[in-house]
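Okay, so here's the structure we're looking at.
If you're wondering where the values come from, they're calculated on a predicted model, not measured in any experiment.
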Amino acid sequence: MKSNKFEDSYFKVFPNPTSSSFTVDSEEGHVIDHIEIYDLKGTKVSEHQLFGFQSIANIAIDDLAHGIYLMRIFSPEGAYVSNVVQVMD
């Protein structure tokens with residue numbers, strides 16, 4: 001599976017920073033299979049499987065501690081690596 005830089009992809013993440021949830025949106029019709037969230041040590045802390053390929057995903061993260069996280073978005077076209085998702089209190 002190829003990996004693409006997030007800024008080169010068609011996905012938007014908002015709001016960022018957030019305290020309880022965020023939305024991943026594809027403007028170009030790319031679909032999302034699942035999303036993984038990692039802490040800065042590289043440990044996967046959350047995984048969200050979508051049922052049926054979707055172009056918009058709402059992700060609840062209220063169980064994550066305050067901090068900065070990285071995200072990978074998986075689609076049939078490849079894996080897209082995000083910059084940062086910041087979780088606020």
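Across all non-hydrogen atoms, the minimal contact from Asn16 to Val13 is CB-O, 4.4 Å. Scanning both residues, Ser21 and Pro15, for their nearest heavy atoms gives O-CD, 4.1 Å.
Within the structure, side-chain hydrogen bond (donor to acceptor under 3.5 Å, both in side chains) pairs that include any residue of residues 51-61 comprise Thr23-Asn58 (at least two apart or interchain).
With hydrophobic clusters built from ILVMFWY side chains whose heavy atoms lie under 4.5 angstrom apart, Ile56 does not share a cluster with Ile32.
The side-chain heavy atoms of Leu70 and Leu40, taken from C-beta on, include a pair separated by under 4.5 Å. For the pair His30/Glu77, a side-chain contact is recorded, criterion being any heavy-atom separation below 4.5 Å from C-beta on. Contact check for Thr43 versus Tyr38: no side-chain heavy atoms found under the 4.5 Å cut-off.
Residue Phe11 holds its CZ atom at 9.5 Å from CG of Asp25, rounded to the nearest 0.5 Å.
The side chain to side chain contact (heavy atoms under 4.5 Å, CB included) search around Ser20 returns Asp62, not counting sequence neighbours. Remark: Val45 pairs with Ile37, Asp39, Leu64, Tyr69 by the side chain to side chain contact (heavy atoms under 4.5 Å, CB included) rule, at least two apart or across chains.
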Derivation of the side-chain contact (heavy atoms from CB on, under 4.5 Å) call for Tyr80 and Arg72: CA-CA 6 Å; Tyr80 296 85; Arg72 292 183 75 196; over 6 Å; no

Audit row: Leu50, Asp33, side-chain contact (heavy atoms from CB on, under 4.5 Å) steps and yes/no: CA-CA 6 Å; Leu50 293 130; Asp33 177 48; over 6 Å; no

Evaluation steps, side-chain contact (heavy atoms from CB on, under 4.5 Å), between Ile73 and Val24: CA-CA 9 Å; Ile73 301 168; Val24 178; 3.6 Å; yes

Pair Phe74-Glu36, side-chain contact (heavy atoms from CB on, under 4.5 Å): steps then yes or no: CA-CA 8 Å; Phe74 292 86; Glu36 297 175 346; 3.4 Å; yes

